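A short worksheet on the structure shown next.
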Protein chains: 2
Amino acid sequence: MAINDVECCDTFQTHEELLKIVRAKMPDEDMLYDMAELFKVFGDSTRIRILYILFEAEVCVCDLAQALNMTQSAISHQLKILKQSKLVKSRREGKSVFYSLADSHVRTIIAQGREHVEE
Amino acid sequence: MAINDVECCDTFQTHEELLKIVRAKMPDEDMLYDMAELFKVFGDSTRIRILYILFEAEVCVCDLAQALNMTQSAISHQLKILKQSKLVKSRREGKSVFYSLADSHVRTIIAQGREHVEE
DNA sequence: TAAACATATGAACAGTTGTTCAAATGTTGA
DNA sequence: TCAACATTTGAACAACTGTTCATATGTTTA
């Protein structure tokens with residue numbers, strides 16, 4: 001009996017195989033951490049709102065603040081998080097900074113999440 | 001000038017159009033909240049690990065605890081969250097409870113998240 | 001029924017998160 | 001250079017989250 005076949009709920013004949021598969025297919029710790037960090041970014045309705053606006057247009061910070069009826073500071077903090085995750089990019093034009101989507105995965109992830117919730 | 005065209009960063013000629021689009025396409029508050037709640041569930045590496053195991057097989061709680069080297073209680077708490085979000089389903093067989101994926105969106109969302117992080 | 005096993009649950013704790021407020025930075029035009 | 005505007009940043013605070021520990025619930029078998 002292999003080391004990892006510790007007795008557990010009387011199904012331990014499958015443990016060795018399971019553990020083998022898990023070790024082979026499980027992403028490494030850094031990847032798992034990065035994925036969790038990414039999904040945390042989607043886990044806030046303010047940020048989802050921002051993304052929905054950016055689905056339609058490239059907009060400046062004060063436009064976002066106004067459209068979402070929130071302070072410019074709160075929006076700016078959230079944009080920083082979205083930018084750090086490389087979900088949005090920014091471009092300065094004079095006094096204003098315009099934000100837009102940086103990535104096509106955003107739409108897919110949001111769409112799948114919405115589909116799941118709608119069921 | 002429409003009520004919502006408040007002056008803002010000298011681009012207010014586009015505000016009316018933007019606000020119109022946003023009102024039309026933005027999901028309602030409940031939907032946004034539910035979507036954020038769903039993504040929060042993906043925003044924890046323990047839960048992502050659990051999902052990766054369930055990609056491969058239907059497993060019982062103690063198998064998960066063993067494969068992830070965590071306490072049975074911690075796993076059970078996380079399974080409850082995954083079940084509440086309808087990402088996993090469970091089936092009792094004697095003393096054991098077996099968990100499996102409940103939904104095909106899970107794979108897509110995880111895959112897209114991983115792709116984004118890998119870039 | 002009692003003992004052993006598998007799982008679920010509630011309280012508690014440290015750690016994290018989103019907003020607000022005040023202040024700093026960066027940009028333009030007078 | 002100065003004033004006005006747009007944005008960013010840091011500290012602070014309440015609210016939330018994941019794990020642990022102790023205990024409860026559910027199931028099987030002796």
Side-chain angles (χ1 to χ4, degrees), chain A residues 6-12 14-15 29 32-33 35-51 58-85 88-100, chain B residues 6-12 14-15 29 32-33 35-51 58-85 88-100:
Chain A
V6 179
E7 191 167 356
C8 163
C9 68
D10 293 341
T11 65
F12 59 86
T14 66
H15 289 188
E29 211 169 319
L32 288 164
Y33 181 82
M35 289 172 70
E37 287 303 299
L38 175 66
F39 287 122
K40 272 180 200 161
V41 175
F42 289 98
D44 175 78
S45 62
T46 295
R47 289 190 291 264
I48 297 183
R49 264 185 259 256
I50 291 173
L51 292 174
E58 181 193 49
V59 290
C60 65
V61 181
C62 72
D63 275 352
L64 287 167
Q66 191 184 325
L68 299 181
N69 195 31
M70 292 180 65
T71 67
Q72 164 271 323
S73 177
I75 297 294
S76 190
H77 277 298
Q78 300 301 357
L79 286 170
K80 186 177 191 180
I81 292 170
L82 287 165
K83 200 175 175 185
Q84 281 171 341
S85 324
V88 309
K89 59 184 189 240
S90 65
R91 167 180 76 81
R92 182 174 273 278
E93 187 178 306
K95 283 179 283 188
S96 299
V97 177
F98 286 84
Y99 282 82
S100 57
Chain B
V6 179
E7 191 168 356
C8 163
C9 68
D10 294 341
T11 65
F12 60 86
T14 66
H15 289 186
E29 211 168 320
L32 288 164
Y33 181 83
M35 290 172 70
E37 287 302 299
L38 175 66
F39 287 121
K40 273 180 201 162
V41 175
F42 288 97
D44 176 79
S45 62
T46 295
R47 289 190 291 265
I48 296 182
R49 265 186 259 258
I50 292 174
L51 292 173
E58 180 193 50
V59 291
C60 64
V61 180
C62 71
D63 276 352
L64 287 167
Q66 191 185 325
L68 299 181
N69 196 31
M70 292 180 65
T71 67
Q72 165 273 318
S73 176
I75 297 294
S76 191
H77 278 296
Q78 300 301 356
L79 285 169
K80 186 177 190 180
I81 292 170
L82 287 166
K83 200 174 175 186
Q84 281 171 340
S85 324
V88 309
K89 58 185 189 238
S90 66
R91 166 180 76 81
R92 182 174 273 280
E93 187 177 305
K95 283 178 285 188
S96 299
V97 177
F98 286 84
Y99 282 82
S100 57

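Numbers restart at 1 for each chain; the letters A, B, ... are given by sequence-line order, proteins then strands. Quantities reported herein were computed from a predicted structural model and do not represent experimental measurements.
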Nearest-Å distance for atom pair [atom1]/[atom2], residues [X] and [N]:
X       : N      : atom1 : atom2 : result
A:Leu64 : D:dA6  : CG    : P     : 14 Å
A:Gln66 : D:dT7  : CD    : P     : 11 Å
A:Leu38 : C:dT17 : CG    : C1'   : 17 Å
B:Lys80 : D:dT25 : NZ    : P     : 14 Å
A:Asp44 : D:dT17 : CG    : P     : 11 Å
B:Ile81 : C:dG10 : CD1   : C1'   : 14 Å
B:Lys40 : D:dC16 : NZ    : C1'   : 8 Å
B:Phe39 : D:dT17 : CZ    : C1'   : 19 Å

With [X] via side-chain hydrogen bond (donor to acceptor under 3.5 Å, both in side chains) - residues at least two apart:
X       : result
B:Glu93 : B:Arg91
A:Ser90 : A:Lys83
A:Lys80 : none

A:Glu29 vs A:Leu32 side-chain heavy atoms within contact, under 4.5 Å: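 Side-chain contact under 4.5 Å: no.
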Side-chain donor-acceptor distances from residues 38-45 of chain B under 3.5 Å, at least two apart:
from, atom 1, to, atom 2, distance (Å)
B:Lys40, NZ, B:Glu37, OE2, 2.9
B:Asp44, OD2, B:Thr46, N, 3.1
B:Asp44, OD2, B:Arg47, N, 3.2

[atom2] on [Y] to [atom1] on [X], rounded to 0.5 Å:
X       : Y       : atom1 : atom2 : value
A:Lys95 : A:Cys62 : NZ    : SG    : 10.5 Å
A:Leu79 : A:Ile50 : CG    : CD1   : 4.5 Å
A:Leu64 : A:Phe98 : CG    : CZ    : 10.5 Å
A:Gln66 : A:Ile75 : CD    : CD1   : 11.5 Å

Using a 4.0 Å cut-off on heavy atoms, which residues in residues 72-79 of chain B reach DNA chain C? List them by number, or say none.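 Listed by number, they are B:Gln72, B:Ser73, B:Ser76, B:His77.
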Polar atom pairs (N or O), protein with nucleotides 26-30 of chain C, under 3.5 Å:
none

Look at A:Tyr99 and D:dA6 and indicate whether a side-chain polar atom (N or O) is within less than 4.0 Å of OP1 or OP2.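 Checking D:dA6 against A:Tyr99, no side-chain N or O comes under 4.0 Å of OP1 or OP2.
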